[in-house]
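In what follows, a single structure is set out as structure tokens and then discussed.
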Amino acid sequence: MTAVLTGLGLLSPIGNDPESYWAGLLSAGSAPVPVVDRPGMPTGARAYRVPEPESEPEAAPADGSRYLRWARTAAAQALRDADIRHGAADDGVAAGLFLGTGTGDGEPAEALRDGRRTEETGAWWPYGGAAWLADELGFTGPVQTVSTACAAGAYAVALAVHAVTSGRVDVALAGGVETVSRPALAAFMRLGAVDPVHCRPFDADRAGTVYGEGAAFVVVETEERAAARGATPLATVGASGWSCDGSHLTAPEENGVQAVRAAHDALDRAGFRPEEIAAVVCHGTGTPLNDRTESKVLHELLGRRAATVPVTAPKSVIGHSGGAAGAFSCATAALMVHHRHVPPVANLTRADADCALAAEADAQPMRPGPVLLNAYAFGGNNISLIIGPVSS
């Protein structure tokens with residue numbers, strides 16, 4: 001049974017819908033800005049920011065949380081794109097929701113901390129967004145929050161695929177949400193993992209990542225169900241491979257053995273061989289060790305083809321959106337197989353010889369075939385997913 005993506009919803013620093021997001025990836029013209037609107041931010045904090053949407057489908061939540069507003073706006077956009085109405089469960093449809101996030105909705109706690117609110121109710125439960133969103137949309141379950149750090153969004157999509165292909169649900173909404181927050185930015189800065197200029201994966205002068213924010217959702221259903229209701233899928237989404245380094249709290253295992261295992265498992269379960277991979281959406285954080293390790297993984301997986309299979313790194317344009325990053329990578333891969341192009345790696349001026357991948361500062365054509373996407377995270381969490389073209 002094949003799972004397909006029939007809807008996308010995106011709020012990002014480069015566009016608040018799939019079309020503008022894709023155009024932003026191709027133009028690669030974004031840049032981080034100082035974070036001055038959030039109290040208590042570390043001196044010099046910068047991030048890739050999301051412009052506020054011009055309109056929202058319903059009134060804002062009572063607490064004004066950007067996290068909840070963005071989650072609902074992007075999720076509703078994905079459902080409209082898939083031509084699925086709110087309250088789908090009322091039609092006898094079994095609908096599940098899988099939400100990936102790193103820090104969750106920390107705004108109530110932050111507002112309490114710096115005096116913008118005095119009511120403690122809900123302030124110390126940042127991971128209730130999935131249940132709230134399911135209630136808003138009429139999705140009756142399963143409803144699950146995934147918080148495997150920077151790989152959470154990809155894990156959420158993988159869980160949605162399993163729920164659909166196993167027959168547990170008829171349709172699933174999956175994605176990730178992250179907002180710029182004081183604890184997240186402070187943690188990255190404390191680790192010395194922030195580039196003072198840009199997020200520039202695979203560049204010889206890279207010095208770390210740059211935080212980002214946003215919301216990305218996809219609608220997952222079986223190919224048969226999509227055909228029965230006349231929906232036009234954007235891409236197929238195959239099996240995933242999971243692994244864990246088990247070696248360090250924050251750094252990847254330098255030999256990449258477990259990351260290679262995840263990629264091989266994803267390919268095997270999806271029924272593809274490494275030589276069939278048409279392109280790669282890299283985790284590509286811009287940190288020296290992460291990029292070097294991922295390059296080693298791709299050379300192990302692809303052999304000589306590692307120098308010619310085109311790769312992209314969305315974080316070079318939208319920053320590192322934590323738990324939402326993997327969901328953005330899934331959306332990027334789906335748009336790639338649809339448009340048959342690979343977006344450029346932004347800010348790439350001097351390629352690192354230790355990486356030696358087919359990363360380019362300009363968009364590249366893509367031959368037909370599946371896209372491999374990788375997402376890695378603190379705690380050694382690794383996941384690879386296969387996004388492929390829809391059969392004609």
Side-chain angles (χ1 to χ4, degrees), residues 3-12 16-18 50 53-101 104-105 107-108 122 125-147 152-153 155-164 167-179 214-222 225-226 229 231 233-234 237 323-324 326-328 330-331 334:
V4 292
L5 303 180
T6 54
L8 297 181
L10 298 160
L11 292 183
S12 80
N16 288 340
D17 57 69
V50 171
E54 294 181 3
S55 62
E56 299 179 41
E58 288 90 20
D63 68 358
S65 162
R66 292 179 305 153
Y67 182 94
L68 296 181
R69 286 189 288 117
W70 291 0
R72 185 191 46 214
T73 301
Q77 185 186 123
L79 292 175
R80 287 196 303 272
D81 193 38
D83 197 25
I84 295 174
R85 72 179 187 88
H86 290 202
D90 295 338
D91 302 324
V93 175
L97 190 148
F98 302 87
L99 175 62
T101 188
D105 184 10
E107 289 189 46
W125 180 240
Y127 296 104
W132 177 88
L133 184 59
D135 286 343
E136 285 283 298
L137 302 177
F139 277 39
T140 55
V143 176
Q144 188 168 349
T145 298
V146 186
S147 191
Y155 276 96
V157 174
L159 289 170
V161 170
H162 182 264
V164 164
R168 190 180 180 195
V169 299
D170 299 312
V171 63
L173 181 67
V177 186
E178 207 76 79
T179 58
F217 282 89
V218 299
V219 173
V220 184
E221 55 191 309
T222 64
R225 183 178 188 275
R229 67 183 188 86
L234 186 68
V237 53
F328 274 111
C330 289

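Here the CH2 atom belonging to W70 is positioned 10.0 Å from the OG atom belonging to S12, to the nearest 0.5 angstrom. With rounding to the nearest 0.5 angstrom, the CG atom of D83 is 9.5 Å from the OG1 atom of T6. One distance of note links CG of L159 with CD of Q144; it measures 5.0 Å at 0.5 Å rounding. Between the CG atom in L133 and the CG atom in L173 there is a gap of 6.5 Å [rounded to 0.5 Å].
Heavy-atom minimum distance, A134 versus V143: CB-CG2, 3.5 Å. Summarising the geometry of V169 relative to G96, their closest heavy-atom pair is CG1-N, 4.0 Å, with the distance given to 0.1 Å. Nearest heavy-atom pair across A216 and L10 is CB-CD2, 3.5 Å. Nearest heavy-atom pair across A156 and A174 is O-CB, 3.7 Å. Scanning all heavy atoms of the two residues, the minimum distance from L11 to V50 falls at O-CG2, 4.1 Å. A152 and T101 make their closest contact through CB-N, 3.6 Å (heavy atoms, listed as atom of the first residue, atom of the second, distance).
Screening V237, V220, V157 against C330 for a side-chain contact (heavy atoms from CB on, under 4.5 Å) leaves a single residue, V157.
Residues passing the side chain to side chain contact (heavy atoms under 4.5 Å, CB included) test with D17 are E19, S20, Q77, sequence neighbours excluded. In this structure, F98 has no ring pair (Phe, Tyr, Trp, His ring centres under 6.0 Å) partners at least two apart in sequence or on a different chain. Applying the side chain to side chain contact (heavy atoms under 4.5 Å, CB included) criterion to A324, with sequence neighbours excluded, gives E178, S321, F328. Annotation: side chain to side chain contact (heavy atoms under 4.5 Å, CB included) contacts of A158 (sequence neighbours excluded): S240, W242, I383, L385. In terms of the side chain to side chain contact (heavy atoms under 4.5 Å, CB included) criterion, residue partners of A334 (sequence neighbours excluded) are, by chain and number, L5, L234, A235, I387. Residues forming a salt bridge (charged side-chain N to carboxylate O under 4.0 Å, His left out) with R229 (at least two apart in sequence, or on another chain): E221.
Contact of the L79 side chain with the F139 side chain is registered, since non-hydrogen atoms from C-beta on lie closer than 4.5 Å. In this structure, the side chains of Y127 and L99 stay at 4.5 Å or more apart for every pair of heavy atoms. Between D81 and V219 the shortest side-chain heavy-atom distance does not fall below 4.5 Å.
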